[in-house]
Amino acid sequence: MSNTNRQEWFLPLKLIIRSSLVMAVFILLLQCAAYAQSRSSIDSLRQLLQSTNDLQRRVELYKSLAKEYLPVNPDSAFIIAEAGLRMSDDKTPLQFKGEFYHYIGNALVTRDSLDRARDAYLQAETFFSQSKSWESLSIIYLLLGNIYYVKDQLAQSLSYYIQGQQLAVEYHVPEILGEFDLNIAFIYQKTKNFDDAIRYEEMARKDFERRGDSINIGITMLNLAIVYNELEELGVAEQYALEGAGIFQRMNDHANLAETYMTLAEIAEKKKNDDAAQDDLERMLKEIDLIGIEFAGPKMISRATALAKLGTFYLKKNLPAAYSSLHEAFFLGKKNNQLSVLSTSSDGLSKYWEQKGRADSALYYARLHGFYYQQQVNEDNVRELAYQSAKFELQKQLKAKEVDQLKAESAKRRTYFILSVVIGILIIASVILFFLFKLGRNRLKRADLERDKLKSELEFRNKELTTHVMYQVKNKEFVLSIAEKLKNNELMQHPEFKKLVKEILSEIEMDSGNDSWKEFEIRFQRVHTDFYKKLSSRFPELTANELRLCAFLKLNMSTKDIASITYQTANSIDVARHRLRTKLGLAKDENLIAFLSRF
């Protein structure tokens with residue numbers, strides 16, 4: 001939100017504080033006339049209202065129109081905002097409703113209807129909270145704090161200021177942080193907590209300097225001067241007051257400049273410099289005469305205070321001026337019920353008539369002085385008691401907030417600790433799982449390697465066994481070919497060699513028999529330990545030749561190779577394979593070798 005628009009949203013709080021009477025005057029002005037839209041803007045909004053029948057659009061236009069009217073005609077703004085509220089329904093954004101109540105509250109402030117304004121702001125608070133319009137809500141808290149401040153409900157005022165300040169910090173609304181600091185400083189100043197007042201005044205000044213807000217910088221200087229004057233640090237107080245006066249002179253801010261001259265007069269009086277105090281009071285009156293009508297109430301209050309004090313100085317050297325000042329101050333004091341002014345001016349008038357030799361008049365005003373002074377003392381005592389009570393409430397509230405904050409921080413630390421433990425456990429568990437996963441992978445990898453090794457070794461043994469079988473086949477074929485040649489050799493025609501050849505052929509036939517098969521089966525069972533056992537247990541009807549055929553097929557030997565090693569034709573082997581499939585109960589599309597590989 002721009003600074004211009006923000007000035008249309010909240011009303012500044014100004015204080016007039018006297019050494020004899022601690023008093024706050026809530027100047028409820030909408031200081032945005034310089035930024036108000038032209039009449040044509042209002043006319044344009046009215047024309048748009050006449051040209052649309054859409055309900056939500058009309059509600060939005062009513063909101064804009066109320067905002068435009070607020071700085072120039074608060075009564076019209078009030079009527080339009082109420083009409084917009086009546087027109088709103090469930091579809092109307094909650095923030096719009098909050099803004100309507102905000103404008104109504106601002107308009108009621110200008111009528112001095114603070115209770116009704118407070119109720120409107122509380123309604124705005126509800127809608128801004130529900131719509132999470134935190135920036136607008138922080139401004140509402142500032143306004144509510146101001147109202148409770150004027151009502152002297154300082155603890156409630158401080159509560160709203162602190163809530164609003166926290167929102168402004170959390171949701172980055174730096175434009176009003178200075179106002180919160182300044183108003184919190186006013187509360188501490190009012191309850192005589194001067195150290196805290198100075199701390200918040202300094203924070204406010206830094207924020208106003210960052211924003212380049214000269215008027216508020218000057219107000220901060222003035223308030224620091226008042227605080228240090230209360231603390232009797234007159235040199236520091238005078239320095240701040242003069243700095244503030246310089247700013248107000250440059251800005252033509254007559255109201256605050258008048259207040260600064262009053263403070264300088266009080267400082268000069270404490271320094272026993274009556275001439276300087278009188279000069280400051282006369283400058284104050286000149287500035288008061290230049291103040292506009294919008295400050296009419298505070299203007300008369302300030303004038304009465306200055307005249308009462310100035311009259312006491314004139315008694316020493318200018319009796320006509322003294323009477324004029326004291327007389328006007330007395331009647332202004334009665335009009336505004338300023339007990340401190342009535343006490344001071346009646347005391348001064350008593351001294352004036354005493355110097356004039358009018359004992360009766362002197363006695364009359366002396367009695368009035370005693371009456372008003374006693375009333376002032378009583379009121380000051382009541383006010384002091386109220387401020388001490390407020391101070392106690394403030395301290396109790398701040399202590400409660402401190403305890404709540406410590407509890408929240410403790411809960412937060414506990415939450416962080418639990419989260420840290422959980423995160424630590426998760427990290428440790430993750431590391432453990434990672435290593436377990438890695439270990440599992442390594443084990444799987446080793447198992448895969450072992451399996452591959454065993455598979456390779458099995459394949460090697462199978463190849464070795466097949467090679468041996470083929471070698472046996474070739475060797476047998478070679479021996480048989482030699483035997484065949486011997487049979488057909490001419491040696492068989494000679495009686496002396498025939499018997500020898502027959503013996504050789506007989507040995508060849510015996511050697512090519514069971515011994516070679518026994519050797520094959522021994523070698524085969526070393527590689528495929530339980531093959532015969534598993535196959536026989538499942539298919540006990542298999543013959544020895546069929547088991548031998550299964551072994552050849554297990555070694556993935558071809559029909560041709562099997563025929564060679566068994567001295568059968570390929571056709572005979574195919575028939576044997578068919579019979580084997582039947583005994584094994586295989587379907588036509590089921591692979592015989594794949595089936596045997598399972599055993």
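Ring geometry, Phe180 versus Tyr161: the interplanar angle exceeds 60°, so the pair is classed perpendicular (tilted spans 30 to 60°). Relative orientation of the His102 and Tyr121 rings is perpendicular, given thresholds of 30° and 60° on the angle between their planes.
Using a 4.5 Å cut-off on side-chain heavy atoms (C-beta onward), Asp119 and Leu108 make no contact. Counting only heavy atoms from C-beta outward, the side chains of Lys67 and Tyr103 approach each other to under 4.5 Å. Contact annotation: the side chain of Leu224 approaches that of Ile198 to within less than 4.5 Å [non-hydrogen atoms, C-beta and beyond]. A heavy-atom distance below 4.5 Å is found between the side chains of Phe330 and Leu342.
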Show, in sequence, the C-alpha distance, side-chain angles and deciding distance for Arg303 and Asp289, and conclude whether the salt bridge (charged side-chain N to carboxylate O under 4.0 Å, His left out) test is met. CA-CA 9 Å; Arg303 182 175 179 81; Asp289 290 337; 3.3 Å; yes
Report the C-alpha separation of Glu266 and Lys309 in whole Å, then their side-chain angles, then the decisive distance to 0.1 Å, and conclude whether the salt bridge (charged side-chain N to carboxylate O under 4.0 Å, His left out) test is met. CA-CA 10 Å; Glu266 292 173 353; Lys309 198 66 184 173; over 6 Å; no
What's the verdict on salt bridge (charged side-chain N to carboxylate O under 4.0 Å, His left out) for Asp275 and Lys317, showing C-alpha distance, side-chain angles and the deciding distance? CA-CA 11 Å; Asp275 290 339; Lys317 50 188 175 184; 3.1 Å; yes
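Taking the centre of each ring, Tyr365 and His369 stay at or above the 6.0 Å mark.
More than 12 heavy atoms of other residues, nucleotides or ligands sit less than 6.0 Å from atom NZ of Lys97. Dense packing is recorded around CZ of Phe194, with more than 12 heavy atoms of other residues, nucleotides or ligands lying under 6.0 Å away.
Residues Ser138 and Gly164 share a closest heavy-atom pair of CB-O, 3.6 Å. Across all their heavy atoms, Tyr149 and Lys190 have their closest contact at OH-CD, 3.5 Å.
Of the charged side-chain nitrogens involved, none lies within less than 4.0 Å of a carboxylate oxygen, so that Asp43 and Arg46 do not count as a salt-bridged pair. Between Arg199 and Asp196 there is a salt bridge, with a side-chain nitrogen of the basic residue lying less than 4.0 Å from a carboxylate oxygen of the acidic one.
A search for salt bridge (charged side-chain N to carboxylate O under 4.0 Å, His left out) contacts involving Lys316 returns Asp274, not counting sequence neighbours.
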